Amino acid sequence: MENRYDFRTIENRWQNYWRNNGFYQVTEDETKPKYYSLEMFPYPSGNLHMGHVRNYAIGDVVARFKSMNGFNVLHPMGWDSFGLPAENAAILHNIPPAKWTSSNIEIMQEQLKTLGLSYDWKREFTTSDPGYYKFTQWMFLKLYEHNLAYRRSAGVNWCPSCHTVLANEQVVEGACERCEALVEKKQLEQWFFRITDYAARLLDDLDSLTGWPEKVVTMQKNWIGRSEGCQFNMAIENSSETISLYTTRPDTVFGATYLVLAPEHPLVPILCAGKDIEKEVHDFINKMEFMSDVTRTSTDTEKEGIFTGTYAINPMNGEKIPIWIANYVLMDYGTGAIMAVPAHDERDLEFAQKYNLPVKIVIQAGEACEKESDITEAYDGDGIMVNSADFNGLTVEEGKKAVIKYMEDENIGTATINYRLRDWLISRQRYWGAPIPIVYCDKCGTVPVPYEDLPVILPEDVAFKPSGESPLNDVEEFIKTNCPNCGGQAKRETDTMDTFVCSSWYFTRFASPHTSDLPFNKEAADYWMPVDQYIGGVEHAILHLMYARFFTKFLYDIDMLSSTEPFTNLLTQGMVLKDGAKMSKSKGNVVSPEDIIGQYGADTARLFILFASPPIRDLEWSDQGVEGSYRFLNRVWRLINEYANDIKNLDIPENIDDLDGATKELHFKTHFTIKKVTDDLEERFNFNTAISAIMELFNTLNSYKDLPKQNLALVKEAIESLLILLTPFCPHICEELWEIIGNRESITLQAWPKYEAEALIQDEVEVVLQVNGKVRDRIKVPTNSPDEGLRQIALENSRIKELTKGKKIVKIIVVPDKLINVVAK
RNA sequence: GCCCGAGUGGCGGAAUGGCAGACGCACCGCACUCAAAAUGCGGCGUUCUUUGAACGUGUGAGUUCGACUCUCACCUUGGGCACCA
C-alpha cells in the first residue's frame, strides 16, 4: 500500500462532486431550523493569505457542524471590492481598477475553491458591481429621505505634497504614509450619516449581545462614550450674548476660574471684534485650522491659548472670569465651550499653570483643605464641597444633583447626556467607490437621484493622472446631468462613499442576492436574519460592527428587517503569526496558502490551522506542525484502509453486553469522544481540543488493532464515528474513507452522532488518595462507591497509614469517583 | 493616563476549585533497512542520596482540606481608547 494518500485526486474529486450535485445550496425551508454562518467577506487584494484560510476554516467547521445537526445552513461568500488598493494599482501599473479587481477576484475564487469550503456560490456577489452598489446608493437615499444623511463643511486630512485627501488610516503620526509630508487640514463640503441619532440604542442594545466577546462590547461602549452632566449658560460682560457650556462636574462650578472656547466657536469673532487682540486671535484660529486633527488632539501636544479680553459671569456666584480660547477644547464635543476648574481637572491645571490663572479648591479630599498655592496635581476624586456657598458639605455625587436641580429651578441649565460618538463622514474624494447619488442644481439646490434612476454608474474607462486626484472630476459625461426636479442643467456629486457603507448591509443581501428591485427580499431576510455566527478579525471590532449595527437598526425602523441586531454571536479570531510576528511581506515571513495546499492538501492545511490554537487566540505558524497534521491524516488513511474489507458489510450491533476489557474501553472511548467533540464545537468553539480528542480516539483504535481477538462491529462503530466527527475539519479525506468502508451516501449528509449515556458508565474508576492535599496513591474502586466505604478504604490503605502514623486525623474529604483527601496533623 | 486580555516543559497548547503538562511538534532510544528516508514501538518538567522524594503554572501575600484556576498587590507583555470637559 502507498505510504501517503493521494490528496490531490481525492480533494479534486469531492470538490467536483459537491459542486455538480448542488451541495450547500440552500433555500428557505420553514420545516427546518435555520442557521446563518458568516465570515467577514474579503477585500480582493489578489492573494489569499493565512488569515483568510483561518477565518474561512473556522466558519466552515461551524457551517458543516450545524448542517450535520439538522439545521438549514446559509453559508455564503462575496467580495468587498471597492477601496484604495485598486486605485493605487491603477496609478502604478495603469490598469483600470475594475479590471484589476475582477482579475483578483478570479484568482482568489480559485484559491478559495481549493479549500473545499461549503459555500453556496450561487449567492456570491461583488460590491463594486452596479447590481450591488445600486442598493448601496439606495441605502444612501433612504437615509437621506429620513434626514439621516446630510452635508456640511468639515475638515479633511490633506497631503500638500500629493495634493490629495487622505483617510485617517493613511495618516501615520501626523504625516502622509506615502510621502511623509505633514498632513494639513482642509475644509470641504462632506456627506455624513447621522449615526449619533442612534447612539443611545447602539449603546443600550450592547447589553443584549451576550454572544459577543466582552472585549468587543467594552470597546464599543468606550467608543460611544456616554457621559452624564449638564449644560448651562454664562452671561458675557457688556454683551447680550451668552455662552452655553457642558460639564460632567457641576459640583465644581464654584471652582471655575476661567472659561475656554474652542477656536472654531462661532462666538469668538463676535467677542473679539474691534479689540486690540483681534489679529492675534485670528492668527491663532488660522493656525488651528491647518493643524491636522491627529496632531491637535494628541495628549502630547502642548496646551496653547489666548485671552480674548472679555469676561463671563458665573451664574452661581456672580464672579467675573476671563474667557480664553485654547487648542485643547474641541468644537464638536459638547457645546465647544467649557468652564475650567484647574483645582479638579488635570488639563485645566496644566493650562492655568502655564498662563498664571488662579486655582480655587472646591472639593476637599481629606481632613483639612489643601492650600491652593501648594497644588501640583488636580484632584478629581470623591470629597466634600467647600467654598461653594449653600452647597458646602455635600459629597461630589450629592453636589452634582443639587447643582443641576438649582440650575433647572433657576432656568440656568439642564441635565444633559453627551456621547463621544461622532457622525459618520462617508464622503471620499476617491474614484473607486459607489458614487453618492446626489445632483446639484443651481435652481433646486441639492437633489437626490430618484430611486428609479439607480444605479448612478461609475464610469469605468477613466484616465488616472499621477496627481492622485479623483479622475471623476474630469469625466464630463458623468458630471453633467439634468436635474431630476426641474430638468435643467445640473452637476453630479463626484465624491464616492466610504467602503464601509458597502459592508454595512451586505449580510442582508445574502438572503436574496438576486433581488433586483430592492436590496433584499423581506421574507427571505426575515427567514435568515440575524446572522447566527459571525466570524472575523478583531480589527473590525469598532467601525464595521458599529456601522452594521446602525444600518440594521435603521432597516428595522423603516420596516425592511425584523431584527434590531445583525449578529447574534461574534467570534473574533486571532492573528496568524510566524516567529512571533504578524505575517507580512515587509517582514518576509509570509507562508503562502497555495504552497501549503499544493504540498499537503486542503485537509492538512485546515487541520493544522484549527489544531494549533483555539480560534480566538493568535496562532503561531509551524511548518513542522503542518507536517504533524499531515502525518495524522496519513495514519488515519492507512488504518481505515486496513480495516476496510473486514468491516464493509458488518452491522453495528444494538446489544453490546459482555465486552472484554479492551473492547469495552474502545466502546467507551468512541462515545466519550462523541460527547467531547460535540461539547467542544457546540459550547466552546474549542476546535483544538476537539481535534485532540479525535486523535485520542484514533490512538485507542490503533492500539486495539494489535489485539488477537477483536470485535470488528465495534471497530466499525469507532471508525464511522471518528470519520463523522472529523468531517467538519477535513471533509475530503472523510468522504473518500467513508466510501471506502462501504457507504454510498456522502458523509457530509450524515446526521451528527449521539453518544450513548450507557457507554459512558464504567465499572471502575480511579480515585486519588491524598494526605493534606498531596497525592500519595491511586486506587481503583467500583463506580459510585458510597462515601463511607471510600473513607474506610483510605484509612486502611498502607501508604496512608504510613504517612499519618502518629498524627491525628482531623477530617476526611471525599469527592465521589474522584478523590479522597485525609487531613492529618 | 484610562479600559480590556495574556503569562504553564525546548515549542504550540491542555486542565476554570480536585491526579499540572492531555493532544501535537521537537528531541532521545529501539525495530525495519546495506544505508538513509518513510513507517512502527518506547521514552521525554527540574533536581536529588532515583523501587522513592523534594520542587514546579510571571512575583509576593491571602482564602481553602485542596489553587494554573478564586481575592488583593506588583512585574512583564499584547491590544484598544486617548486633551471628549
Side-chain angles (χ1 to χ4, degrees), chain A residues 3-4 213-223 225-227 229 245-249 252 256 260 262 296-303 326-330 332-341 344-348 350-351 380 418-422 538-539 541-542 574-575 577 580 607-608 611-614 616-629 631-632 634-635 638 676 686 688-699 702-703 706 766-778 810-815 817-825:
Chain A
N3 251 346
R4 305 237 153 172
E214 213 167 314
K215 183 186 172 178
V216 175
V217 171
T218 310
M219 279 164 74
Q220 292 222 343
K221 276 186 182 163
N222 292 341
W223 188 259
R226 181 182 195 272
S227 84
L245 311 161
Y246 174 73
T247 182
T248 55
R249 292 295 302 276
T252 62
V260 190
R296 163 92 181 273
T297 61
S298 153
T299 25
D300 309 330
T301 308
E302 201 187 330
K303 294 184 176 35
N327 60 347
Y328 77 99
V329 173
L330 309 170
D332 58 355
Y333 184 77
T335 59
I338 61 156
M339 62 172 199
V341 186
H344 306 293
D345 184 284
E346 207 184 302
R347 297 153 299 178
D348 295 344
E350 194 189 322
F351 191 80
D380 59 5
N418 256 302
Y419 297 93
R420 292 164 96 114
L421 184 70
R422 305 294 152 89
V538 73
E539 66 273 17
I542 296 178
M575 287 186 297
L577 311 176
L607 184 69
F608 167 73
F611 176 59
S613 188
I616 57 165
R617 295 249 290 255
D618 286 348
L619 180 150
E620 176 67 33
W621 185 267
S622 154
D623 291 330
Q624 284 154 333
V626 179
E627 197 81 50
S629 294
R631 210 147 49 210
F632 172 72
N634 277 298
R635 272 156 42 96
R638 285 194 299 269
K676 166 84 177 150
N686 277 9
N688 56 329
T689 52
I691 293 167
S692 45
I694 296 170
M695 288 174 170
E696 283 186 60
L697 173 60
F698 174 84
N699 290 344
N702 199 42
S703 327
D706 298 329
E766 195 176 74
V767 166
V768 171
L769 289 184
Q770 295 183 332
V771 176
N772 295 335
K774 287 197 167 158
V775 180
R776 296 301 178 183
D777 205 358
R778 276 158 209 171
V810 185
K811 62 172 153 178
I812 300 173
I813 286 133
V814 177
V815 183
D817 290 348
K818 256 190 190 151
L819 153 153
I820 307 160
N821 185 15
V822 179
V823 186
K825 265 187 199 162

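Just so we're on the same page: letters track the sequence lines, and every chain starts at 1. Remember, it's a predicted structure, so these values are computed and weren't measured experimentally.
Phosphate contact (OP1/OP2 of B:G40, side-chain N/O of A:Arg638, threshold under 4.0 Å): present. Note on A:Ser613: every side-chain N or O is 4.0 Å or more away from OP1 and OP2 of B:G12. The shortest distance between the side-chain N/O atoms of A:Asn702 and the OP1/OP2 oxygens of B:C41 is below 4.0 Å. Look at A:Lys774 and you'll find a side-chain N or O under 4.0 angstrom from OP1 or OP2 of B:C55. Side-chain N/O atoms of A:Ser227 include one lying less than 4.0 angstrom from OP1 or OP2 on B:A85. Taking only side-chain nitrogens and oxygens, A:Asn222 never comes nearer than 4.0 Å to OP1 or OP2 of B:C4. Close to B:A38, at under 4.0 Å from its OP1 or OP2, lies no side-chain N or O of A:Arg631. Between A:Asn699 and B:G24, a side-chain N or O to OP1/OP2 separation shorter than 4.0 Å is present. Proximity of A:Arg4 to the phosphate of B:U39: a side-chain N or O atom is located under 4.0 Å from OP1 or OP2.
Applying the 90° criterion around 0 to the glycosidic angle, B:G9 comes out syn.
Backbone-only contact: A:Arg635 has heavy atoms under 4.0 Å from sugar-phosphate atoms and none from a base. Base engagement by A:Val329 is indicated by at least one non-hydrogen atom pair under 4.0 Å involving a base atom. Residue A:Val768 is in base contact, counting any heavy-atom pair closer than 4.0 Å across all strands shown. Within 4.0 Å of A:Gln770, counting heavy atoms only, lies at least one base atom of the nucleic acid. Within the nucleic acid shown, A:Glu214 has no heavy atom closer than 4.0 Å to any nucleic acid atom. A:Asn688 comes within 4.0 angstrom of sugar-phosphate atoms only, judged by non-hydrogen atoms across all strands, and of no base. Here A:Asn418 lies out of heavy-atom contact (under 4.0 Å) with every strand.
Checking B:C19 for Watson-Crick or G-U wobble geometry (two distances, each under 3.5 Å) identifies no partner in any strand. Applying the Watson-Crick and G-U wobble criteria (two distances, each under 3.5 Å), B:A54 pairs with B:U46. Base pairing analysis places B:G62 opposite B:C70; the two distances defining the Watson-Crick or G-U wobble pair are each below 3.5 Å. In a base pair of the Watson-Crick type (N1 to N3 plus N6-O4 or O6-N4) or a G-U wobble (N1-O2 and O6-N3), with each distance short of 3.5 Å, B:A35 is matched with no nucleotide. Pair assignment for B:G7: B:C75, on the basis of Watson-Crick or G-U wobble contacts that are both within less than 3.5 Å. For B:C41, the paired nucleotide is B:G29, the pair qualifying as Watson-Crick or G-U wobble because both relevant distances are below 3.5 Å. In this structure, B:A82 makes no Watson-Crick or G-U wobble pair, since no nucleotide meets both defining distances under 3.5 angstrom.
A distance-only check finds no donor-acceptor pair linking the side chain of A:Asp618 to the backbone of A:Ser613 [under 3.5 Å].
For the C1' atom pair drawn from B:U51 and B:C68, the interatomic distance equals 31 Å after rounding to whole Å. Comparing B:U8 with B:A20, their C1' atoms are spaced 8 Å from each other, to the whole Å. Between B:A82 and B:C4, the two C1' atoms lie 14 Å apart (nearest whole Å). Using C1' as the reference atom, B:G18 and B:G66 are 7 Å apart when rounded to the nearest Å. Distance noted for atom P between B:G79 and B:U71: 25 Å (whole Å). Taking atom C1' in both B:C19 and B:A67, one finds a spacing of 14 Å when rounded to whole Å. Taking atom P in both B:A37 and B:C70, the straight-line distance is 46 Å, to the nearest Å.
Of the candidates B:A85, B:C19, B:G12, the closest approach to any side-chain atom of A:Glu766 belongs to B:C19. Closest to the A:Leu819 side chain, of the nucleotides B:C83, B:G13, B:G18, is B:G18. Of the candidates B:C23, B:C83, B:A85, B:C83 carries the atom nearest the A:Asn327 side chain, counting heavy atoms from C-beta on.
With rounding to whole Å, A:Ile691 atom CD1 is found 10 Å from B:C23 atom C1'. Across the protein-nucleic acid pair, A:Phe611 atom CZ and B:G12 atom C1' stand 8 Å apart, rounded to whole Å. Across the protein-nucleic acid pair, A:Lys676 atom NZ and B:C23 atom P stand 12 Å apart, rounded to whole Å. Note: CD (A:Glu696) to P (B:G24) measures 8 Å, nearest angstrom. The CD atom of A:Gln220 sits 16 Å away from the P atom of B:C4 (whole-angstrom rounding).
Heavy-atom minimum distance, A:Ile338 versus A:Tyr246: CG2-O, 4.4 Å.
Nearest-nucleotide mapping onto RNA chain B: of A:Val538 and A:Asp332, the residue sitting toward the 5' end is A:Val538. Each of A:Arg776 and A:Gly628 was assigned the nucleotide of RNA chain B with the nearest heavy atom; the assignment lying further toward the 5' end belongs to A:Gly628.
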Report the C-alpha separation of A:Lys303 and A:Asn327 in whole Å, then their side-chain angles, then the decisive distance to 0.1 Å, and conclude whether the side-chain contact (heavy atoms from CB on, under 4.5 Å) test is met. CA-CA 6 Å; A:Lys303 294 184 176 35; A:Asn327 60 347; 4.2 Å; yes

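Remark: aromatic rings of A:Phe611 and A:Phe632 are distant, center separation not under 6.0 Å.
Between A:Asn699 and A:Arg635 the shortest side-chain heavy-atom distance falls below 4.5 Å. Contact check for A:Ile812 versus A:Val823: no side-chain heavy atoms found under the 4.5 Å cut-off. Side-chain contact check for A:Lys676 versus A:Thr689: some heavy-atom pair is nearer than 4.5 Å.
Side-chain polar atoms of A:Asn702 and A:Arg638 form no donor-acceptor pair below 3.5 angstrom.
For A:Lys811 against B:C65, a side-chain-to-base donor-acceptor contact under 3.5 Å is absent.
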